[in-house]
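In what follows, every heavy atom counts, from backbone to side chain, and hydrogens, waters and symmetry copies are set aside. For clarity, every value in this text was computed on a predicted model and none was experimentally measured.
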Amino acid sequence: MSDGLPPRVPKADAAGKSPLLEVRHLKKYFPIYKGVLRKLVNQVRAVDDVSLFVREGETLGLVGESGCGKTTVSRCILRAIDPTSGEILFREADDKVTNLAALDRSELRRFRPQMQMIFQDPFGSLNPRMTIFEIVSEPLYVNGMRSKTEREDHVAELLRLVGLRTEYMARYPHAFSGGQRQRIGIARALALNPRLVVADEPVSALDVSVQAQVLNLMLDLQQKLNLTYLFVAHDLSVVKHISDRVCVMYVGKLVEMATTEELFQAPRHPYTAALMMAVPRPDPSSRDIIQDLPGEVASPANPPSGCYFHPRCQFATEVCRTQTPELREITPDHFVSCHRAEELHLAGIKVNQETQI
């Protein structure tokens, strides 16, 4: 295609608007130097040609094993790190589309309030020397709200919104539990009324009972504030609960993207099906034997030729070993990067079936 996107990527939502965020052929390579002279000998392909889109008001889950590049994708989108190449197209409130990847630091400043992040570690993401008021109000101060009274009123409203008492403003982070700290992190992310929130495994460090509370809070806030989430996770049960659509990554590449229901019920990529098969069934009568994938995860510094998954795939053929598959749409809104996607019939998980990793 002339724009370099996978075929028939929907350019508009039900309201006729283009996606809020569209990533085209994103790459992020980290150099490997060796010797006293720091000679460049190789590169780690942390993100290797990723294309995806997020519609306004939806939650897109981004899943994969540790080290697959999902966090690097999210940080490139926010320009916390600079991508090696590719486009990051963000639609502003006036429907103007801007390529964030081409902007410098000063030009990015006006986009920062519209894109915020919820971090994985609720303990490490809050400054222990600052009060909750200082933590949540800092974005307001940096962006021009100088009146302390106004900031106090705004912070009080944010704390109520995330289920915390207003009198907590004078306390320090050490006085709170992990779940409460993550609520504070959510309040800080919402301080500037963002349109896109990137959540980098926001519940992985929390107890299971607290995870449910935080996830339900995020869903409630999405309804109230019309938020759009890019939700990075490795826990399939969490992704199934919160996501409208799901992207699956393997060694820096996007291998499948579909609606949550279709992805779980009918995966079309062997790696996605392997993830489903690895999920323990909470049924004492079940005697399913979990079969590990053969081999090891490919190194992003020295990936195999053709499809990166072919050394571990039982369905691989010669074309898989020699030609890199492109992400293509095989059914409406279902994109797969596999040469044999149309002919394979892979087992999934029923949507009403519990999943836990």
Please determine if Arg195 and Glu56 form a salt bridge, counting it only when a charged side-chain N lies under 4.0 Å from a carboxylate O. yes
Look only at the side chain of [X] and the backbone of [Y], and say whether a donor-acceptor pair between them is shorter than 3.5 Å.
X: His154; Y: Leu192; result: no
X: Thr228; Y: Gly57; result: yes
X: Glu150; Y: Ser147; result: no
X: Arg268; Y: Leu346; result: no
X: His339; Y: Gln323; result: yes
X: Asp207; Y: Ser209; result: no
X: Arg45; Y: Gly252; result: no
X: Thr260; Y: Asp244; result: yes
X: Glu343; Y: Arg340; result: no
X: Asp200; Y: Phe119; result: no

Measuring only between side-chain heavy atoms, which start at C-beta, is [X] closer than 4.5 Å to [Y]?
X: Pro202; Y: Phe231; value: yes
X: Phe111; Y: Leu196; value: no
X: Lys253; Y: Asp49; value: yes
X: Ile88; Y: Pro83; value: yes
X: Cys76; Y: Leu26; value: yes
X: Met117; Y: Ser74; value: yes
X: Val162; Y: Leu217; value: yes
X: Leu62; Y: Cys247; value: yes

If you count every heavy atom of other residues, nucleotides or ligands that lies below 6.0 Å from [X] atom [atom1], does the total exceed 12?
X: Glu326; atom1: CD; result: no
X: Glu138; atom1: CD; result: no
X: Arg146; atom1: CZ; result: yes
X: Phe123; atom1: CZ; result: yes
X: Glu296; atom1: CD; result: no
X: Arg160; atom1: CZ; result: yes

Rounded distance (nearest 0.5 Å) linking atom [atom1] of [X] with atom [atom2] of [Y]:
X: Lys70; Y: Glu65; atom1: NZ; atom2: CD; result: 8.5 Å
X: Leu215; Y: Asp220; atom1: CG; atom2: CG; result: 12.5 Å
X: His269; Y: Cys307; atom1: NE2; atom2: SG; result: 4.5 Å
X: Leu140; Y: Arg188; atom1: CG; atom2: CZ; result: 12.0 Å
X: Leu100; Y: Glu87; atom1: CG; atom2: CD; result: 11.0 Å

For a side chain to side chain donor-acceptor pair (under 3.5 Å) check, start with the C-alpha distance between Thr71 and Gln120, then their side-chain angles and the critical distance, and finish with the verdict. CA-CA 10 Å; Thr71 294; Gln120 176 179 0; 5.8 Å; no
Grouping I, L, V, M, F, W and Y whenever their side-chain heavy atoms are under 4.5 Å apart, do [X] and [Y] come out in a common cluster?
X: Leu108; Y: Leu78; result: yes
X: Ile81; Y: Val198; result: no
X: Val142; Y: Leu126; result: no

Begin from the C-alpha positions of Arg312 and Val297 and carry the test side-chain contact (heavy atoms from CB on, under 4.5 Å) through to its verdict. CA-CA 8 Å; Arg312 310 178 71 194; Val297 178; 3.4 Å; yes
Which heavy atom of [X] sits nearest to which heavy atom of [Y], and what is that distance?
X: Met115; Y: Pro194; result: N-CB, 4.3 Å
X: Leu40; Y: Asn42; result: CD1-O, 3.4 Å
X: Ile186; Y: Met218; result: CD1-CG, 4.1 Å
X: Ser243; Y: Val246; result: CB-CG2, 4.0 Å
X: Pro267; Y: Thr272; result: CB-CG2, 3.7 Å

Any chance you could lay out the side-chain contact (heavy atoms from CB on, under 4.5 Å) test for Ile118 and Gln182, step after step, and finish with the verdict? CA-CA 8 Å; Ile118 301 172; Gln182 197 59 291; 3.7 Å; yes
Parallel, tilted or perpendicular: which describes the rings of Tyr271 and Tyr250, with under 30° parallel and over 60° perpendicular? tilted
Just do the side-chain contact (heavy atoms from CB on, under 4.5 Å) check on Thr131 and Arg171 with the steps written out, would you? CA-CA 5 Å; Thr131 65; Arg171 298 184 183 181; over 6 Å; no
Does a side chain donor of either Asp104 or Ser106 reach within less than 3.5 Å of an acceptor in the other side chain?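 Result is yes, a qualifying pair exists.
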Are Gln43 and Thr84 close enough that a side-chain donor and a side-chain acceptor fall under 3.5 Å? no
Flag this pair as yes if the NZ/CZ of Arg245 is under 6.0 angstrom from the six-membered ring centre of Phe53 and inside a 45 degree cone about the axis; otherwise no. yes
Where do Val255 and Tyr308 land on the side-chain contact (heavy atoms from CB on, under 4.5 Å) test, with the steps shown first? CA-CA 10 Å; Val255 298; Tyr308 286 2; over 6 Å; no
Result of checking Val203, Val214, Val63 against Val238 for side chain to side chain contact (heavy atoms under 4.5 Å, CB included): Val203
As a quick check of understanding, evaluate salt bridge (charged side-chain N to carboxylate O under 4.0 Å, His left out) for Arg328 and Glu342, giving each step before the final call. CA-CA 11 Å; Arg328 66 188 191 280; Glu342 289 86 353; 2.7 Å; yes
